[in-house]
2 protein chains.
Amino acid sequence: MCYRPAVYPAVPSAAPTSESIRDRLARAAFALFADQGYESTTIDDITRAAGVARRTFFRHFPSKEDVIFPDHDSVLDRVRWYLGASTKTEPVFAVAEATRLIFESFMETPERTIARYRLTREVSALRDREVASVAKYERVLSDYLRSRLPDTSEAALAAHIAAASFVAAHNQVLREWLRSGGAKDPRPALEAAVATVSDLMAPLIVRSSRQGPSSAG
Amino acid sequence: MCYRPAVYPAVPSAAPTSESIRDRLARAAFALFADQGYESTTIDDITRAAGVARRTFFRHFPSKEDVIFPDHDSVLDRVRWYLGASTKTEPVFAVAEATRLIFESFMETPERTIARYRLTREVSALRDREVASVAKYERVLSDYLRSRLPDTSEAALAAHIAAASFVAAHNQVLREWLRSGGAKDPRPALEAAVATVSDLMAPLIVRSSRQGPSSAG
DNA sequence: ACCGTAGTGGCACTAAGTGCCATGCAACAA
DNA sequence: TTGTTGCATGGCACTTAGTGCCACTACGGT
């Protein structure tokens with residue numbers, strides 16, 4: 001018995017156990033960030049508010065920045081799963097649908113998306129983090145397109161351009177919705193943007209899909 | 001005279017003063033990262049190797065990650081300057097030229113570009129950092145395009161798609177060159193990629209440039 | 001010789017993130 | 001009931017990035 005066994009229950013009476021520790025941490029973090037800012041909120045503050053130990057935070061989130069994107073990995077998995085099952089559909093159509101999937105994941109928790117937007121505008125570290133997570137979506141899309149296209153550098157270029165364009169369209173619609181304060185339904189704007197990119201990219205992808213050098217001339 | 005005045009010259013005999021401290025730090029950092037890895041190299045290691053005090057490192061680079069991209073800000077300024085002067089040229093042409101400008105900045109220091117590539121593949125934090133700096137280029141391009149286009153959401157969308165496409169093409173050519181080990185001149189591939197994107201984006205930009213709603217109907 | 005400025009050295013301090021082990025708890029087996 | 005096994009958490013020590021502050025030096029101007 002080297003240590004004093006003062007292990008009180010983490011949360012004496014409040015906070016029913018129904019909410020997972022991970023959710024408690026994320027909720028406490030968002031609240032504190034909104035209240036006193038990201039940089040002046042320490043991990044100690046968050047864990048105190050969530051009623052857990054400091055060490056526990058890093059068991060649920062690899063870093064302080066990651067708590068802003070609590071479900072990023074699951075969305076990424078969902079997109080991967082969808083595209084993994086889309087071996088028969090038209091590649092551009094599948095990527096368009098994946099773009100909608102990503103967009104809907106942001107619309108599932110609008111308050112959090114808005115809070116995150118506020119934070120990423122103010123804290124450059126978080127902005128960089130968001131950019132990095134968007135790049136992961138782009139990577140998933142381009143990997144899929146490359147898997148559906150011949151193994152040429154022209155097709156690889158087309159895949160990257162298309163993936164970047166869909167992601168750019170997604171971001172533009174999302175940002176415009178966020179800048180407007182999350183007023184009206186952004187889905188029509190997303191449909192228009194996805195249609196624009198689909199029309200733009202279809203010939204590029206089709207051209208890349210053409211096998212063999214016989215058509216060059 | 002509270003402190004002992006043991007202020008020896010930082011570098012007794014080696015390292016002529018011709019090289020700036022900033023360059024010494026960057027060179028030492030690249031050497032150490034290549035030798036013993038990024039994460040197991042501390043700022044102390046770098047400053048010891050460069051013959052300066054630890055505190056001095058952070059006067060030249062805001063963080064350890066930034067030492068990998070020592071001239072990123074100057075390149076960004078160069079691109080901004082070029083685009084700022086391109087108020088008369090065709091927007092797509094100007095952005096294409098800006099893309100070449102960015103690419104050339106990487107080709108100015110090929111060894112460093114290659115070393116950076118190796119590091120960003122292994123260290124996720126550096127990969128994220130690179131993605132963030134690429135996003136800054138994309139931002140500069142899209143800001144320029146928006147400034148040259150009418151203030152509509154369609155034009156904004158077109159600007160973002162075009163900027164993302166040029167950057168994606170740039171990255172694809174650069175990555176392919178890096179993966180090939182930096183063998184042959186990548187400029188022809190860049191020209192082809194830039195031409196592809198230019199052809200693809202020209203109609204989108206032209207369509208966005210059309211003023212007035214009279215054409216909608 | 002005197003001053004102001006800019007860059008550097010040195011030190012203390014905060015906070016993020018990691019490693020390690022003890023503890024508590026739930027499921028399960030005897 | 002008791003023992004065991006596995007897992008998640010608590011708690012602590014430690015390293016390291018990054019900041020604030022002040023002393024010192026060098027250099028240029030007067």
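Here is how names work: the chains are called A, B, and so on, in the same order as the sequence lines, proteins then strands, and each is numbered from 1.
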Distance check needed: [N] [atom2] versus [X] [atom1], whole Å only.
X: B:Glu39; N: D:dT16; atom1: CD; atom2: P; value: 12 Å
X: B:Leu32; N: D:dT16; atom1: CG; atom2: P; value: 14 Å
X: A:Ile21; N: D:dT9; atom1: CD1; atom2: P; value: 4 Å
X: B:Phe58; N: C:dT14; atom1: CZ; atom2: C1'; value: 13 Å
X: A:Asp44; N: D:dG10; atom1: CG; atom2: P; value: 13 Å
X: B:Tyr38; N: D:dT16; atom1: OH; atom2: P; value: 14 Å
X: A:Gln36; N: C:dA15; atom1: CD; atom2: C1'; value: 14 Å
X: A:Phe57; N: D:dG10; atom1: CZ; atom2: C1'; value: 16 Å

Which listed nucleotide (C:dG17, C:dC20, C:dA15) is nearest to the side chain of A:Thr42?
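Per side-chain heavy atoms of A:Thr42, the pick is C:dA15.
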In terms of side-chain heavy atoms, does B:Ser74 have a donor or acceptor partner in B:Asp77 at a distance below 3.5 Å?
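Absent: no donor and acceptor within the cut-off.
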Side chains of A:Tyr144 and A:Arg148: any donor to acceptor distance under 3.5 Å?
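Looking only at side-chain atoms, A:Tyr144 and A:Arg148 do form a donor-acceptor pair, the distance falling under 3.5 Å.
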Do the ring planes of A:Phe57 and A:Phe61 sit parallel (below 30°), tilted (30 to 60°) or perpendicular (above 60°)?
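The rings of A:Phe57 and A:Phe61 sit tilted, inter-plane angle from 30° to 60°.
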On DNA chain C, does the nearest nucleotide to B:Thr56 precede the nearest nucleotide to A:Arg55 from the 5' side, or the other way round? Give the residue.
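It is B:Thr56, whose closest nucleotide lies nearer the 5' terminus.
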Position toward the 5' end of DNA chain C (nearest nucleotide), A:Ile43 or A:Arg59
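Whichever sits nearer the 5' end wins; that is A:Ile43.
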Less than 6.0 angstrom separating the ring centers of A:Phe106 and A:His170, yes or no?
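So the answer is yes for these two rings.
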Nearest 0.5 Å please: distance from the CZ atom of A:Phe103 over to the CG atom of A:Leu174.
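Going from the CZ atom of A:Phe103 to the CG atom of A:Leu174 covers 5.5 Å.
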What distance separates B:Arg112 CZ from B:Leu119 CG, expressed to the nearest 0.5 Å?
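CG of B:Leu119 is found 11.5 Å from CZ of B:Arg112.
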Base, sugar-phosphate, or nothing: which does A:Thr47 touch, judged by heavy atoms less than 4.0 Å apart?
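Contact class for A:Thr47: none.
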Evaluate whether atom CZ of A:Arg127 has more than 12 neighbouring non-hydrogen atoms of other residues, nucleotides or ligands under 6.0 angstrom away.
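For A:Arg127, atom CZ is not crowded (no more than 12 foreign heavy atoms under 6.0 Å).
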Residues in contact with DNA chain C, drawn from residues 60-72 of chain B - heavy-atom cutoff 4.0 Å:
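Output list: B:His60.
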